[in-house]
Amino acid sequence: MFTNFFYLLKAKGLDVSTTEWLTFIEALDRGLCHGSFTEFYYLGRMILVKTESDYDKYDIAFKEYFYNLKSEEEVPPEILKWLDKGDKTTDQLQREMYEYKTAKDANEVKRLFKERVNEQDSEHNGGNYWIGTSGGSSYGHSGVNSGGIRVGGQGGLKTAFSVAGERRYRDFREDRVLSMRQFQVAFRRLRQFSTKLDVPKTELDLDGTIDSTCNNGGYLQLEFQKPRKNTVKLLLLFDCGGSMYPFSSMCNSLFQAVHKANHFKDVKTYYFHNCIYSHLYKTAECEYGDWVDLDYVFRHTDKDYKVIIVGDAAMAPEELLDVNGNYRGPNKGMSGLEWCRYFKTKYNKIIWLNPKRHEGLTYLAWMESEEVLSKEFKMYQLSVKGLKEGISYLMSPKK
């Protein structure tokens, strides 16, 4: 029963074991979904999916198998780029008003939508045929059409048959950039590295309690452990301004998550622009003179501070390699790269989180700088997976 669904889940990248699948089938045989398709969905997800980062894969497979909505129906990225106009569609673009209403049913609209996706090779605004903005087309956003498929943008008339590419759990995938909630979840991993105090066991051991209760035939058996003391000290450095403007919201989420977390003994935050030089700024505005000397930071932090640098490492090569590359302040006779290497001598563990990692591409000048810095620092993508890997490195005993 549903054997093809099992193979489809595997094809979409879900690690479903035979035991888990047999458990799912047994649950169905016992009627645990109560004849409800919605409960069938949740029952399968509960048994077959191990982590919320795989919810998106499960949804894709579920829609393809039961609704015949294949993943290739997702809108190509170039079309989404054409449609991404922010507020310009309503505030700046000339909007043509149409009294165009579709008489097609939902299946016909979906069929024609696939044709448009395969045929379209340029941006369209206005009109009533292509995927675009404004106008009276059945496909796109910010137009006037009763029925159709909204692609991007915000809902207007609320009459679209569906919203193309809408996947509820896309943001839980481990390769996605992070929201504040995901930052907070990732930082919880630091708990396992906190030092346990040599005091009586007074803190509830949840995992131990669950294991003991299960081994005790379901009768509650509480287990306790020694409380932990936060010993992690963090130095957080943000690249601000210029090419980092598009990521300012995400950086703010990281800042808030760090300062709301209770997993750190101490947190110190400073800012820089493009590269670390002889000074670090006190505020994100990076205003001239509003800085502290790098040696001051060294005197007020010890080698045991874990360092997280957040930046895209995007700059002209001379900013990194030339002794006069720091056009915003003093260089003190050293290039940005030399200052970065000097910075590395102070701390045992440093990671660099990059919101747009290019993995070795150097065909643009600023990518050369990223490549150089990636060889100097442990550089990770600013994603769920990247932050988890970075934290694991920071807390590992090896350098």
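To the nearest 0.5 Å, atom CG of residue L387 and atom OH of residue Y380 are 10.5 Å apart. T209 OG1 to L220 CG: the interatomic distance, rounded to the nearest 0.5 Å, is 7.0 Å. Rounding to the nearest 0.5 Å places CG of L294 at 6.5 Å from CH2 of W339. Taking OG of S243 as the start and CG of D312 as the end, the distance is 3.5 Å to the nearest 0.5 Å.
Listed by chain and number, the residues in a salt bridge (charged side-chain N to carboxylate O under 4.0 Å, His left out) with D266 are K268 (sequence neighbours excluded).
The main-chain N or O of E376 is found under 3.5 Å from a side-chain atom of K344 such that the two form a donor-acceptor pair. In this structure, N216 contributes its side chain and S212 its backbone to no donor-acceptor pair below 3.5 Å. Of the possible polar contacts, none joining the T213 side chain to the G218 backbone as a donor-acceptor pair under 3.5 Å is found. Proximity of a side-chain donor or acceptor of Q381 to a complementary backbone N or O of P355 within less than 3.5 Å is detected.
By the rule that hydrophobic residues join a cluster once side-chain heavy atoms approach within less than 4.5 Å of another member, Y55 and Y42 end up as members of one cluster. Under the 4.5 Å side-chain contact rule for hydrophobic residues, I210 and L204 do not share a cluster. Under the 4.5 Å side-chain contact rule for hydrophobic residues, F40 and L22 do not share a cluster. Both Y288 and Y281 are members of a single hydrophobic cluster when ILVMFWY side chains are connected at heavy-atom separations under 4.5 Å. Under a hydrophobic-cluster definition in which Ile, Leu, Val, Met, Phe, Trp and Tyr are linked whenever side-chain heavy atoms come within less than 4.5 Å, directly or via other members, V16 and L32 are assigned to the same cluster.
Other members of the cluster containing Y219 do not exist, because no ILVMFWY side chain is joined to it at under 4.5 Å.
Taking the six-membered ring where the residue is Trp, the centroids of Y342 and F298 are separated by under 6.0 Å.
Contact annotation: the side chain of M244 never approaches that of F238 to less than 4.5 Å [non-hydrogen atoms, C-beta and beyond]. Looking at heavy atoms from C-beta onward, F2 lies in side-chain contact with L28 at the 4.5 angstrom threshold. In this structure, W291 and Y296 have side chains that are not in contact, with every pair of non-hydrogen atoms separated by 4.5 Å or more. Taking the side chain as every heavy atom from C-beta outward, K356 and E370 never approach each other to under 4.5 Å. Side-chain atoms of I391 and K306, non-hydrogen and from C-beta on, never get closer than 4.5 Å to each other. For the pair L14/L48, no side-chain contact is recorded, criterion being any heavy-atom separation below 4.5 Å from C-beta on.
E223 and Q225 are not linked by any side-chain donor-acceptor pair at a separation below 3.5 angstrom, with hydrogens and angles left out of the test. Donor-acceptor pairing under 3.5 Å is recorded for the side chains of Y327 and H273.
Around NZ of K233, the count of heavy atoms belonging to other residues, nucleotides or ligands within 6.0 Å exceeds 12. By the neighbour-count criterion of 12 heavy atoms within 6.0 Å, atom CZ of F224 is densely surrounded, having more than that number from other residues, nucleotides or ligands. F37 CZ: more than 12 foreign heavy atoms inside a 6.0 Å radius.
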Walk me through it: do F272 and I309 pass the test side chain to side chain contact (heavy atoms under 4.5 Å, CB included)? CA-CA 10 Å; F272 66 96; I309 303 172; 3.7 Å; yes

Mind running salt bridge (charged side-chain N to carboxylate O under 4.0 Å, His left out) on K265 and D304 for me, showing each step along the way? CA-CA 12 Å; K265 181 178 181 179; D304 294 327; over 6 Å; no

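Aromatic ring orientation, Y41 versus F62: perpendicular (interplanar angle above 60°, classes split at 30° and 60°).
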